[in-house]
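What you see is a predicted model, and the numbers here were worked out from it, not measured in a lab.
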Amino acid sequence: MQRSSSLHLAVTAALALPLAASADDTAPLLKEITVTAGHGALLGVADSAAEGTVGAGQLAGRPLLRAAEVLETVPGMIVTQHSGDGKANQYFLRGFNLDHGSDFATSVAGVPVNIVSHAHGQGYMDLNFLIPELVDSVRYRKGVYAAEDGDFATTGTARIDYQRRLDAPLAELAADPHGFRRSLLAGSSGDPSGAAPALLGALELAENNGPWDQAEKLRKVNGLLRWSEGGAANGYSITAQAYRSHWNATEHVPQRAIDSGEIGRFGALSGGDGGRTYRYSLSGDWARSDDAGAVRLSAYLAHYGLNLFSSPSGFISGPQGDQHEQEDRRKLWGGELQRSWQAGLHELTTGLQLRRDQAGTLGLYTTVNRQRTGTVRQDRVGETEAAIFAELRSGWTSWLRTTLGLREDHIRASSTATGGLYNLANGGVASASQASPKLAVVLAPSARTEVYLNWGYGFHSNDARGATSKVDPAEGAPVEKLGLFARANGSELGLRTEPLPGWTSSITVWRLALASELVFVGDEGVTEPRGASRRRGVEWSNYFRPRDGIVIDADLALSRARFRTPVEGGGDRVPNAIPFTASLGVSADPGGPWFGGLHARYIGAYALEETGREKSHPLFTANVRAGYRFSRSLQLSADILNLFNRAGNDIEYWGAACSRKEQASGACSGGIDGRLVHPVEPRTVRLTLRNTF
């Protein structure tokens, strides 16, 4: 890859520039310390105990295996992978297997990441384009209680924003023994105070083979340009993002294939899995505020594509394998207008939101080694989501405030079949609306403690093809149609307190009911009924800043997920709903030459199928970072990923699959049910050299 090699060489040269001078550099090693408000600043502001903001300082010392692990700063969130690193991650939160993002809404620089009516899965949330070093903040909410949060915001939302300017340009080069190479160049012009316009630019190139027997051969090109002036409350920004990647994948495999020695722990059943994807976007925002109120306007335009080749069941259908291709080609655009008015004890905010997706091709094809052999279904889909909302915040006394919200959403979707023998009978138009009231009551018995009561309705949308299909595209049999809305109702009781200066602790007791877990299964092109569900749980999160430069966050989350009506066979467990998680994060950078961080997490055993007889194995992993500054400009850090070399699994499923030997033996009619696993990557030391100018 010529461009990748050239940039790696350029970054290496840039990093080497200060080496000759560093030995004589007598400047002090202390870096500039920025004082920021901790989570305690949310007292008097937040509407729930389960919302917060993670700043760049907390992220800086956090060792990451994947870019999407930035979301693990959201208390209780788990990010894993069951395939190649070019594919969207698996996410888990509040008793939900979020799959690739179906019940958690995320945006980056104002552009929504979740894709509606996606070829692989509803709400597909691919964050592989994220550049963690540029993240300025992660503003998260959990639950269905904010009027501005719409589609997919059933478990919560995360709004990720990039910095508008950097203190100094940087060049960074990272590598590990598994063929991981990453180069990053970033810098900005303009007044650091934000008084004058600034241009921020970044270019990232990465490649990776991983520990897999079949080299991943990931190649990623990622770029960002942002023109801005002022800040988020009074200013504007225009952001262009461009991302492309391609990769080979080692999918989850039957545990028995590893136990029998047919493949190794890091082996693959199929040699042709993987994919290629791209995402280009242009977004802008403008805001003005004063004592009387505020106005904010934002808009975005994106072009997205994916070709994904997968063999999740191995060789059930024959020696040629079960590989299929899912193709998605679309443009999406939209925007939001918010206006707020301040009048005495009350603040009224109203807003309009609009999103349009135009998918020229949504395809599901049978393939052999990435060559198409048949069309299961191919569709052209258009979908428009429009919403209006209002929120009234009232500070009645020093110890009581309320927020009353109402949101009205309307979805109109059309689907036209363009391929597939039985699929040509499908298609049509569907439309629906939903009103979602919200309520928050906040009591403040003291200046350091608040109690929150929250209640509200929300939703995730369903795939337009599931709402318009009449027959199974593979067999022609009638299928059950989906409604466009999967309605959710939630409530919670929370407490946020500051027991000691610098320490904020929050505890939340919550419940969530989902009217229907009917889903459109992209791997088969059909609707799969799963019934209504109920979830409840307890979360305890802590943020502690004992001194400048040191941040500790510790979280516990328990949840219980059940179907309202037991499925056939008598079980009511929701598969892959994690009942217990715990995490500990430490970021230490007191300003001297040494800095570092730690992130440890525990994932409890979860039910793999509805009866709960088959469970996953619990997993504990830890990543650690240690770094040293040779001078003001040059630093070296080492990340030890999977510090204790745990031989667990990133993900476990229960389902039907067949290995190549099982197919050859004739024992594979209809597949063999069993445990499907994707292993955690082994202990890896990843070195990163950074130079600032």
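- By the 4.0 Å N-to-carboxylate-O rule, D379 lies close enough to R377 to be salt-bridged with it.
- Judged by distance alone, the side chains of H617 and Y606 never bring a donor and an acceptor atom under 3.5 Å apart.
- Judged by distance alone, the side chain of T73 and the main-chain N or O of V70 form a donor-acceptor pair under 3.5 Å.
- Y653 has its ring centre less than 6.0 Å from the ring centre of H252.
- Looking at Y124, F92, F152 one by one, the single match for ring pair (Phe, Tyr, Trp, His ring centres under 6.0 Å) with H100 turns out to be Y124.
- With N576 contributing its side chain and N97 its backbone, the two residues share no donor-acceptor pair below 3.5 Å.
- At a threshold of 4.0 Å, the pair D176-R686 counts as salt-bridged, since one of the basic side-chain nitrogens sits closer than that to a carboxylate oxygen.
- T366 is linked by a side chain to side chain donor-acceptor pair (under 3.5 Å) to T373, counting only residues two or more places apart in sequence or in another chain.
- For H460 and F96, the gap between ring centers reaches or exceeds 6.0 Å.
- A salt bridge links K220 with E204: at least one charged nitrogen is closer than 4.0 Å to a carboxylate oxygen.
- Relative ring orientation between H118 and H120 is described as perpendicular, the plane-to-plane angle rising above 60° on a 0-90° scale split at 30° and 60°.
- Side chain of N208 to backbone of G210: a donor-acceptor contact under 3.5 angstrom is found.
- Between E172 and R182 there is a salt bridge, since a side-chain N of the basic residue sits under 4.0 Å from a carboxylate O of the acidic one.
- Ring-centre distance between H678 and W212: below the 6.0 Å cut-off.
- Of the possible donor and acceptor atoms, none in the side chain of S183 sits under 3.5 Å from a partner among the backbone N and O of L205.
- In summary, D328 and R330 engage in a salt bridge, as defined by a charged side-chain N under 4.0 Å from a carboxylate O.
- The shortest distance between side-chain heavy atoms of Y91 and L127 falls below 4.5 Å.
- Listed for the S83 side chain is no donor-acceptor partner under 3.5 Å among the backbone atoms of K87.
- For the residue pair N623 / R683, no side-chain donor-acceptor distance below 3.5 Å is found, with atom types taken as modelled.
- The closest side-chain heavy-atom distance from L332 to R356 is not below 4.5 Å.
- Checking side-chain atoms of Q358 against main-chain N and O of E383 turns up no donor-acceptor pair under 3.5 Å.
- Under the salt bridge (charged side-chain N to carboxylate O under 4.0 Å, His left out) criterion, the residue pairs touching residues 641-658 are R66-D650, R601-D650, E652-R675, with sequence neighbours excluded.
- Other residues, nucleotides and ligands contribute at most 12 non-hydrogen atoms within 6.0 Å of the CZ atom of R380.
- When atom types are taken as modelled, the side chain of T375 and the backbone of G419 share no donor-acceptor pair closer than 3.5 angstrom.
- Every residue two or more places apart in sequence or in another chain that forms a side chain to side chain contact (heavy atoms under 4.5 Å, CB included) with Q163 is listed here: D136, L166.
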